[in-house]
Amino acid sequence: LPRVLSGIQPTAGSFHLGNYLGALRQWVALQDSTEAFYCVVDLHAITLPQDPAELRRNTLTSAAQLLALGVDPGRSSLFVQSHVPEHLQLSWVLECLTGFGEASRMTQFKDKSQREGTGGATVGLFTYPVLQAADILVYQADQVPVGEDQRQHLELTRDLATRFNGRFGQTFTLPEAKIPQGAAKILDLQSPDKKMSKSLPPAGCVFLLDEPNVTAKKIRSAVTDTGREVVADAENKPGVTNLLTIHSALSGRSVADLEQHFAGRGYGDLKKELAEVVTDFLTPVRARTQELLDDRAELERVLASGAERAREVASATVATVYERSGFLPPA
Ligand code: TYM
């Protein structure tokens, strides 16, 4: 079976529609046909300052949401990144193969370090993509389901794998990014020139755990475009196109079909119907997340068994990498 690995940060407490439509929906779909490893990346989270109690709570809430969305621990290994120290062991070796200039070119680092202001960015934020490469390569993953914004990190991962293989002999599988058609980049509802993100003001970001009236209000207030017709035109009508993309992804109807459906009707009708489609989808997810959080012991058992399966695979890779790197095995 092909191997799949992906990760998600726990930092906002709740995931958002971009995370779901860009990545998590594929996580769930891929479980049937692959051997999947999915992790909540708490080590990546601390590349920006975190409150410790909140990080712990958000990590559990993240795991509960993944299960509520359909990640099935019977078929996939679901775990917390810091429970598998092999990620860090491989990361160091990969750091020593990464060029300083190469890491400096990562656009996410440039964006995030700018937001932190002069002197605010840490070395951890700088080496973040190398840890991500280790997350993937330590499982010899074939496929990595992610949204469009992770494409550059996947390119780096492949470059590092190729470099290690070239220098020390064939060791790593070259992973491929699996980026969905259509929903690869969901836009912020208030600033449809930017991707939906937890780091923009919350009015433009539909969190999965928002109350239904909050969700409806955010969709009603979405920035649309001049004109009146409900048609997709990414260039001139990014706001309306984004709403159609979200509708299509959740309702399963094609964008062309939706354009027909809304012919002769205005943006208000589109928003009203989309709010229903989104809240119908989210209501059971929220309820199930809460149920799962109410049984913390069971949630922790799922994560422990996921980490155990993950460590079996990861430790075998690290053993090979250490041996090829020339480290003396402990007697
Ligand atoms: P993160 O936590 O920012 O996002 C999780 C996933 O959601 C996707 N995504 C989006 N997709 C479409 N539209 C959007 N507006 C949108 N916003 C986010 C992301 O592309 C991602 O797939 N570095 C990663 C986490 C990570 C990882 C890994 C991923 C760590 N190790 C190994 C894959 C493999 C990140 O910060 O994702």
Side-chain angles (χ1 to χ4, degrees), residues 3-28 30 36-48 50 58-59 62 65-66 69 71 79-82 84 87-88 90-91 94 106-109 111-112 124-125 127-158 160-161 175-200 204-208 238 241-242 245-246 249-250 310 314:
R3 224 8 110 63
V4 166
L5 174 288
S6 200
I8 187 160
Q9 297 203 56
T11 32
S14 172
F15 301 141
H16 57 69
L17 269 186
N19 298 137
Y20 177 67
L21 297 175
L24 303 180
R25 201 156 60 130
Q26 301 192 82
W27 290 24
V28 174
L30 283 167
F37 292 88
Y38 295 133
C39 59
V40 177
V41 295
D42 55 350
L43 298 169
H44 277 112
I46 66 163
T47 55
L48 297 176
Q50 302 297 327
N58 288 344
T59 299
S62 297
Q65 275 172 99
L66 292 171
L69 289 167
V71 170
F79 62 97
V80 174
Q81 186 187 30
S82 65
V84 185
H87 294 225
L88 292 164
L90 179 57
S91 187
L94 297 177
M106 294 295 120
T107 56
Q108 289 222 328
F109 170 71
D111 292 348
K112 289 187 188 177
L125 189 65
T127 59
Y128 175 120
V130 185
L131 176 58
Q132 180 167 352
D135 296 340
I136 296 166
L137 298 178
V138 87
Y139 297 100
Q140 308 284 359
D142 300 289
Q143 297 173 10
V144 185
V146 284
E148 177 62 40
D149 61 352
Q150 298 300 313
R151 193 183 285 280
Q152 195 187 29
H153 290 166
L154 264 291
E155 288 304 320
L156 175 70
T157 303
R158 290 169 61 90
L160 293 176
E176 276 182 33
K178 261 189 88 70
I179 298 173
Q181 299 273 329
K185 185 177 175 186
I186 299 297
L187 305 177
D188 186 85
L189 300 187
Q190 287 299 317
S191 316
D193 55 330
K194 302 191 179 81
K195 70 171 179 181
M196 183 177 283
S197 161
K198 59 183 181 265
S199 31
L200 292 172
C205 183
V206 176
F207 290 103
L208 306 190
T241 307
N242 190 42
T245 302
I246 296 171
L250 288 176

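Counting starts at 1 for both ligands and their atoms, in listed order.
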Can you check whether [Y]'s main-chain N or O pairs, donor with acceptor, with [X]'s side chain at less than 3.5 Å?
X	Y	result
Arg151	Ile179	no
Asp188	Lys194	no
Gln143	Lys178	no
His87	Leu131	no

- Ring centroid separation for His153 and Phe109, is it under 6.0 angstrom?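 That pair fails the under 6.0 Å test.
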- Every residue of the protein that comes under 4.0 Å of ligand 1, judged on heavy atoms: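 Under the 4.0 Å cut-off, ligand 1 touches Leu5, Ser6, Gly7, Ile8, Gln9, His16, Gly18, Asn19, Gly22, Ala23, Val41, His44, Tyr128, Gln132, Asp135, Ile136, Val144, Val146, Gly147, Asp149, Gln150, Ala183, Ala184, Lys185, Ile186, Lys195, Met196.
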- Message: Would you call the rings of Phe37 and Tyr139 parallel, tilted or perpendicular, taking 30° and 60° as the class edges?
- Response: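 The arrangement is parallel - the two ring planes meet at less than 30°.
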